[in-house]
Amino acid sequence: MNSPFLILETGQPVASMRRHGTFPHWIRVAAGLRRDDAVVANVEAGDPLPAREGFAGVIVTGSGAMVTDRHEWSERSSAWLREAAHEGLPLLGICYGHHLIAHALGGEVG
């Protein structure tokens with residue numbers, strides 16, 4: 001693989017499932033990606049969003065948060081995702097991630 005995927009980590013699994021790892025770990029395993037095939041930015045914890053260039057695509061994880069709460073990290077990620085979509089970067093959202101992408105592109109999330 002030439003370009004890594006970016007995984008935007010927007011939350012943690014419920015406590016009873018954390019023994020199985022984090023959402024980025026689950027995604028890498030399910031997608032058959034090696035650790036070097038993905039870069040993780042834990043935006044919920046305050047990690048900065050990287051430059052969009054050089055990624056094969058973006059996968060946005062689930063979260064216990066709600067997009068409608070408009071947390072700072074969520075709104076910052078939304079703006080970043082909007083620009084990424086307009087630049088043609090492939091996006092995949094899982095649960096919360098799907099809602100965040102919809103919000104970023106002007107959709108109504110309730």
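Computed from a predicted model, the values in this text were never measured in an experiment.
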At what distance, to the nearest 0.5 angstrom, does [atom1] of [X] lie from [atom2] of [Y]?
| X | Y | atom1 | atom2 | value |
| --- | --- | --- | --- | --- |
| Glu9 | Ser77 | CD | OG | 11.5 Å |
| Met66 | Thr68 | CE | OG1 | 4.5 Å |
| Ile7 | Ile27 | CD1 | CD1 | 5.0 Å |
| Gln12 | Thr22 | CD | OG1 | 6.5 Å |

Legend entry - Test side chain to side chain donor-acceptor pair (under 3.5 Å) applied to His71 and Glu44, step by step: CA-CA 9 Å; His71 296 290; Glu44 182 193 38; over 6 Å; no
Please give me the minimum heavy-atom distance between [X] and [Y], naming the atom from each residue.
| X | Y | answer |
| --- | --- | --- |
| Pro48 | Ala41 | O-CB, 4.0 Å |
| Ser63 | Gly11 | OG-CA, 3.9 Å |
| Pro13 | Gly21 | CG-O, 3.5 Å |

Legend entry - Heavy atoms from other residues, nucleotides or ligands near CD of Glu108 exceed 12 (cutoff 6.0 Å): no
Inset, instruction - Please check if atom CZ in Arg35 has more than 12 non-hydrogen atoms from other residues, nucleotides or ligands closer than 6.0 Å. - result: no
Inset, instruction - Treating Ile, Leu, Val, Met, Phe, Trp and Tyr as nodes and any side-chain heavy-atom pair under 4.5 angstrom as an edge, say whether Trp26 and Ile94 lie in one connected cluster. - result: no
Inset, instruction - Run through the side-chain heavy atoms of Ile, Leu, Val, Met, Phe, Trp and Tyr, join any pair under 4.5 Å, and report what else lands in Leu49's cluster. - result: Leu6, Leu8, Val39, Val43, Phe55, Val58, Val60, Val67, Trp73, Trp80, Leu81, Leu89, Leu91, Tyr96, Leu100, Ile101, Leu105, Val109
Legend entry - Student check: side-chain heavy atoms of Asp37 and Pro4 closer than 4.5 Å: no
Inset, instruction - Kindly indicate whether the side chain of His103, heavy atoms from C-beta on, has any atom under 4.5 Å from the side chain of Arg70. - result: yes
Legend entry - Glu83: partners by salt bridge (Lys or Arg N to Asp or Glu O under 4.0 Å), with sequence neighbours left out: none
Without swapping roles, check the side chain of [X] against the backbone of [Y] for a donor-acceptor pair under 3.5 Å.
| X | Y | value |
| --- | --- | --- |
| Thr10 | Gly62 | yes |
| Asp47 | Asn42 | yes |
| Arg82 | Ala104 | yes |

Inset, instruction - Starting from the C-alpha separation in whole Å, work towards a yes-or-no answer on side chain to side chain contact (heavy atoms under 4.5 Å, CB included) for Arg28 and Val40. - result: CA-CA 10 Å; Arg28 279 195 307 264; Val40 177; 3.7 Å; yes
